[in-house]
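Structure, as structure tokens:
For clarity, every value in this text was computed on a predicted model and none was experimentally measured.
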Amino acid sequence: MLAARVVEEATRYLDQLDTLPVRPDSSGPETLKHFAVPPPETGQGLAVFDDLTAVARHSRAGNGRFFGYVMGSGEPVGALGDLFASVINQNGTAWRSGPATAVIERTVISWLAQTIGCDGFGGIFTSGGSLANLMGLAMAREAKAPANQTGVAGPSVVYASSEAHMSIGKAIALLGLGRDNLRLLPAGDDFRLSPTALRTAVAADRAAGRTPLAVVACAGTTVTGAVDPLAELVAVARDEDLWVHVDGAYGLPAAMVEPDKFLGIASVDSLSMDAHKWFYQPLDCGVVLYRNPAAARRAFAFTDDYAASLSDDPVEGDVLFEETIELSRRVRALKLWLSLRYHGLSSFRAAIAANLRQARLLADLIDKQPSLERVAEVPLSAVCFRWVGGDQASLDGQNAEILDRVNRRGRVYLSNATVRGNFVLRACITNHRTTDADAAAVVGEVLTAAAELPQ
């Protein structure tokens with residue numbers, strides 16, 4: 001009965017999802033009034049489920065017109081997988097803790113690796129790209145400048161472009177390498193990391209007595225979706241004995257559709273990818289993949305007697321926690337296992353291809369408007385642009401006002417970014433529900449908001 005009540009509420013929400021404003025008409029005081037209440041001394045029973053309506057009303061609607069950040073669409077079959085995973089409540093530490101789910105995790109990892117061109121890679125599910133990037137760089141550190149036993153011995157340098165995600169700086173700090181040893185090399189006009197710039201920076205650090213450790217390449221930068229020249233960066237890294245980690249949290253699923261953009265991916269050492277982004281899964285569902293599982297075990301294996309596996313069987317003795325930071329882990333693979341099998345890989349390829357096409361449609365519509373300026377190419381599904389119909393000295397503030405007006409209206413939802421020092425509007429399409437009409441609506445909403453600006 002309780003499950004039926006929740007499913008009823010979820011069904012009602014999904015049935016009306018396309019009609020909901022993307023941004024709820026909520027205020028801070030209003031949400032505090034509804035949800036910041038004292039803990040109940042006695043149980044309230046079925047009445048608590050009535051509040052799910054209010055939760056939905058004060059939540060951002062994940063319909064096809066949400067273009068902010070890089071947000072997946074919470075595919076319903078995956079959501080049901082999450083429900084069942086919570087019901088069976090397996091701990092994803094090892095085969096003995098969850099026999100079925102451990103094999104499912106290993107299986108889905110192999111599927112994902114194969115679909116993006118990294119057949120044979122191992123991996124583990126994580127909370128998301130931030131943890132996956134941290135783990136990739138932890139493997140890099142232990143492979144090139146081991147520190148787990150005695151600590152960080154000296155300055156070891158990690159290289160990335162100025163377009164790298166903020167999680168890279170966090171990872172460098174948490175690993176004890178120090179943010180002063182993160183070289184953010186200026187990206188080119190195409191927002192990609194230059195192999196020549198990498199080689200020059202490595203030579204300069206070696207000459208200064210520092211140890212070049214790793215390069216982080218982007219397979220879909222957060223702002224513009226740029227894909228670094230992976231094959232060329234791998235060639236430099238092999239010459240210089242660098243670990244190659246790829247932050248593909250956003251963009252790597254597009255390798256299923258446009259593999260030529262990701263040439264060289266099979267030669268990297270580790271990579272991150274978020275299935276809760278462009279595989280459309282409910283949060284959280286991140287992945288770190290690696291060429292050699294021994295590198296993961298070198299970085300993360302540390303087992304006490306009470307947790308040691310007592311089996312020599314290759315399946316029954318599988319200990320997943322020796323390849324990850326986490327010990328207790330929720331089962332993240334089950335939802336993706338159900339979703340991929342229910343829909344088939346061809347459906348995911350078609351949805352990603354549609355999102356790529358919709359982004360280029362939006363870019364074309366922007367290019368046709370004299371008062372709009374696209375500020376970057378569209379290699380994947382992120383479109384960056386701004387309104388230029390006002391006072392040139394005030395464009396940053398005017399575009400910020402346009403963004404606020406567009407999002408408050410709730411028809412579409414955009415995010416902001418800084419490109420070449422300018423405040424710009426950004427639409428990122430990673431939703432299986434998005435239609436061509438949804439993408440095209442962005443232009444009309446922005447122009448309407450611009451017309452409302454104070455003269």
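- Heavy-atom minimum distance, E142 versus A299: CG-CA, 3.8 Å.
- Between E30 and K33 there is no salt bridge, since no side-chain N of the basic residue sits under 4.0 Å from a carboxylate O of the acidic one.
- Ionic pairing of D438 and R433 is not present here: no N-O contact between side-chain nitrogen and carboxylate oxygen is shorter than 4.0 angstrom.
- Inspection of the N89 and R330 side chains reveals no N or O donor paired with an N or O acceptor under 3.5 Å.
- Checking side-chain atoms of N63 against main-chain N and O of L20 turns up a donor-acceptor pair under 3.5 Å.
- Taking 4.5 Å as the limit, every side-chain heavy atom of T418 sits out of range of all side-chain heavy atoms of V424.
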Evaluate salt bridge (Lys or Arg N to Asp or Glu O under 4.0 Å) for D318 paired with R96, printing each intermediate quantity in order.
CA-CA 8 Å; D318 191 12; R96 70 179 185 180; over 6 Å; no

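- No side-chain heavy atom of F66 sits under 4.5 Å from any side-chain heavy atom of S73.
- Salt bridge present: R199 and D239 bring a charged side-chain N and a carboxylate O closer than 4.0 Å.
- A distance-only check finds a donor-acceptor pair linking the side chain of N355 to the backbone of N431 [under 3.5 Å].
- At most 12 non-hydrogen atoms from other residues, nucleotides or ligands lie less than 6.0 angstrom from CG of D189.
- Stacking of R329 on the aromatic ring of F321 is not recorded, the 6.0 Å distance cut-off and the 45° axial limit not both being met.
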Walk me through whether E323 and R106 qualify under salt bridge (Lys or Arg N to Asp or Glu O under 4.0 Å).
CA-CA 12 Å; E323 295 178 29; R106 294 298 196 192; 3.3 Å; yes

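- Checked options V419, N422, L425; the residue passing with V375 is V419 (criterion: side-chain contact (heavy atoms from CB on, under 4.5 Å)).
- Around atom CD of E326, more than 12 heavy atoms belonging to other residues, nucleotides or ligands sit under 6.0 Å away.
- The CG atom of L271 lies 5.0 Å from the CD1 atom of I116; values are rounded to the nearest 0.5 Å.
- Contact of the T303 side chain with the E322 side chain is registered, since non-hydrogen atoms from C-beta on lie closer than 4.5 Å.
- With contacts defined as side-chain heavy-atom distances shorter than 4.5 Å, the pair S127/R332 qualifies.
- Under the 4.5 Å side-chain criterion, counting only non-hydrogen atoms from C-beta, N407 is in contact with L403.
- For the pair D228 (side chain) and L193 (backbone), a donor-acceptor distance under 3.5 Å is present.
- Rounding to the nearest 0.5 Å places CG of L252 at 6.0 Å from CZ of F262.
- Within 6.0 Å of the OH atom in Y342, the count of heavy atoms belonging to other residues, nucleotides or ligands does not exceed 12.
- I172 pairs in a side-chain contact (heavy atoms from CB on, under 4.5 Å) with only one of the listed residues (L177, V216, V157, N133), which is L177.
- Considering CG of L175 and CG of N181, their distance stands at 12.0 Å, rounded to 0.5 Å.
- The shortest side-chain heavy-atom distance between N292 and F121 does not fall under the 4.5 Å cut-off.
- The aromatic rings of F348 and H343 lie perpendicular to each other, with more than 60° between the two planes, well past the 30° mark.
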K335 vs D82, salt bridge (Lys or Arg N to Asp or Glu O under 4.0 Å): CA-CA, chis, key distance, verdict
CA-CA 6 Å; K335 56 189 169 189; D82 250 353; 3.1 Å; yes

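- Rounding to the nearest 0.5 Å gives a distance of 9.5 Å between NE2 of H165 and OG of S272.
- At distances below 3.5 Å, at least one donor-acceptor pair connects side-chain atoms of D274 with backbone N or O atoms of G129.
- D269 has a carboxylate O that lies under 4.0 Å from a charged side-chain N of R238, or vice versa, which qualifies the two as a salt bridge.
- D25 and R408 are not joined by a salt bridge, as no carboxylate oxygen comes within less than 4.0 angstrom of a charged side-chain nitrogen.
- Counting only heavy atoms from C-beta outward, the side chains of F35 and V55 approach each other to under 4.5 Å.
- Y413 contributes no side-chain N or O that, together with a main-chain N or O of A427, makes up a donor-acceptor pair within less than 3.5 Å.
- For the pair M256/L345, a side-chain contact is recorded, criterion being any heavy-atom separation below 4.5 Å from C-beta on.
- Taking the six-membered ring for Trp and thresholds of 30 and 60 degrees, H432 and Y280 have ring planes more than 60 degrees apart, a perpendicular arrangement.
- Using a cutoff of 4.0 Å between basic side-chain nitrogens and carboxylate oxygens, E258 and R357 are not scored as salt-bridged.
- The CG atom of L134 sits 9.5 Å away from atom CE of M139, with the distance rounded to the nearest 0.5 Å.
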